[in-house]
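Every number for a ligand or one of its atoms is a count from 1 in the order of the listing.
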Amino acid sequence: MPESKSANPLREGLTNRSLPEPCSIIIFGATGDLTHRKLVPALYNLAAEGALPQAVNVVGFARRDKTDESFRAELGETTRQFSRRQVNEDIWAGFAGSICYHRSAFDDPAGYATLAERLDALDRERGTRGNRLFYLAASPDQFEVILRNLRESGLNRAPGDGWARVIVEKPFGTDLASARDLNALVEASFPESDTYRIDHYLGKETAQNIMVLRFANAIFEQLWNARYIHHVQITASEQIGVEGRAGYYDKAGALRDMIQNHLLQLLCLTAMEPPVGLDADSIRDEKVKVLRALRPLDDAAAHKLVVRAQYGAGAVNGTRVPAYRDEQNVNPESLTETYVAMQVNIDNWRWAGVPFFLRVGKRLAKAATEIAVQFKGAPPVLFNVARQTLTNNVLVIRIQPDEGISLRMSAKVPGAAVRVEPVKMDFHYGTSFGKGTPEAYERLLLDAMSGDATLFARRDEVEEAWRFVDRILDAWSAQDAEGLAMYSAGTWGPTEADDLITRHSATWRRL
Ligand code: BG6
């Protein structure tokens, strides 16, 4: 893969601190939820930490009628609501001075021509050097028209020595064919080296720590294979429902929404071989190899190894919640899955015979994301005998909340009798490092400003993940209502998912 002409040679993968360059960030879809809840709070937090480049312009591009002032005031309110740290009004005022609003329809060439003039003027006034980071935060059906207009207006080429990059928000396609089309569309305007496909799970501090845990500690890597590991469970359980996003979610479902991207990325980080270096492509090369080694599921395997389910009415944290089909804007006969549990096999030397179980769902009993590596048992002699069967060792990487790592092992209960019980060695980020973990979007925006694509999905990663998921979607489309299990909101999902894992003499973890 060619080096980006814009890559910053001082920054290499996960090893160095970001050195973001002065730039304009142009957000398409600036009046939407993502901008208010995630992007601007993330930029504010970077400003509060002094991590932004000396000069930055945030230009909101959208259709609605607003002025710079009204846009700033709205963002001020939502940032106060969604920022992870309390907003300091002086810092906000300083940061808000860099925000402006550019009103235009996405399909109006004149809006792009005036945007170009405005960006040139901002470069002169504020020293942003012609560097442009375009953020596609609009709905995906607008991506084509935005990308075309960026190309036709010449905005995809930065003036002078500057750079022009594009960040593409998820969902990246709805199947392999549409992901390929979208990749071709992006490629017609921006080279791969300037394309940043967001998977916000990669920006989570704890997801980045998977590689550090594996490759900065000599003890784990020796055990990280089929010889010692019985199985791996990767769970992302949510208590929230569709949260006003039913229009999107009812067409997507949990497989597309969470498994194709976030869970397969976590799987790749857990299963990949050590990369030859920490640069973006060395890491992404190894992740792609994992995706290529996933055993494809034919119809019969998809029915046997993948459980899809939808939540019915129930109670979450003591509050009654409606069934999925009764949520606003959901088709009352919807067959969309809000839960998926599946067994995945990685057909390579390291993992032959080790099942990976993935599980995601909305309206489950608890909100938690973790990777649990379950080791094989000690030999059935000495302490591990019929009289007393030991619990196997489990290494748990808690992605969220209460980020940390724990190792379950067996210990002797004090006293004259030999009684062995499981105990936990536990590391908590909060207590060990004394500070909160940054939001994923903070890290990802900083990296895109620095020209580091390590934590973004490469074209082939996205396509390989879809290739695997497409087979399951095909199997389901032939099936309709039959095969959709139900679970009550507030529970741990359908009993069918238990059958999936008990076949391997294991049980799902209660998080
Ligand atoms: C998004 C999905 O990508 O990830 C949402 O579209 C989901 O449906 C969210 O709720 C989960 O992210 P997080 O960071 O809260 O685990």
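Atoms of ligand 1 found under 4.0 Å from any heavy atom of Lys362 (numbered from 1 in listed order, with element): 5 (C), 7 (C), 8 (O), 10 (O). Taking a cut-off of under 4.0 Å to the non-hydrogen atoms of Asp257, the atoms of ligand 1 that pass are 2 (C), 5 (C), 6 (O), 8 (O). Applying the 4.0 Å criterion to heavy atoms of Lys204 picks out, from ligand 1, the atoms 13 (P), 14 (O), 16 (O). Near Lys170, meaning under 4.0 Å from one of its heavy atoms, ligand 1 places the atoms 1 (C), 2 (C), 3 (O), 6 (O).
Of the N or O atoms in Tyr248, none lie within a sub-3.5 Å distance of an N or O in ligand 1. Looking at Tyr201 next to ligand 1, an N or O pair under 3.5 Å apart turns up. Polar contact with ligand 1: present for His262 (N/O pair, distance under 3.5 Å).
Screening Arg64, Lys66, Arg80 against Glu74 for a salt bridge (Lys or Arg N to Asp or Glu O under 4.0 Å) leaves a single residue, Lys66. Exactly one of Phe134, Phe456, Tyr135 qualifies for a ring pair (Phe, Tyr, Trp, His ring centres under 6.0 Å) with Tyr196. That residue is Phe456. A ring pair (Phe, Tyr, Trp, His ring centres under 6.0 Å) with His102 is found for one member of Phe71, Phe61, Phe28 and no other, namely Phe61. Of the residues Glu187, Glu169, Glu192, the one that meets the salt bridge (Lys or Arg N to Asp or Glu O under 4.0 Å) test with Arg197 is Glu192.
For the residue pair Pro494 and Tyr487, the shortest heavy atom distance occurs at N-CB, 3.6 Å.
In terms of protein heavy-atom proximity, atom 12 (O) of ligand 1 is nearest to His200 NE2, 3.1 Å.
Checked against the 6.0 Å centroid criterion, the rings of His231 and Phe357 qualify as a close aromatic pair.
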Might you work through the side chain to side chain contact (heavy atoms under 4.5 Å, CB included) test for Leu39 and Ile25, ending with a clear yes or no? CA-CA 11 Å; Leu39 302 183; Ile25 304 172; over 6 Å; no
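For atom 7 (C) of ligand 1, the choice among Glu238, Gln400, Glu169 with the nearest heavy atom turns out to be Glu238.
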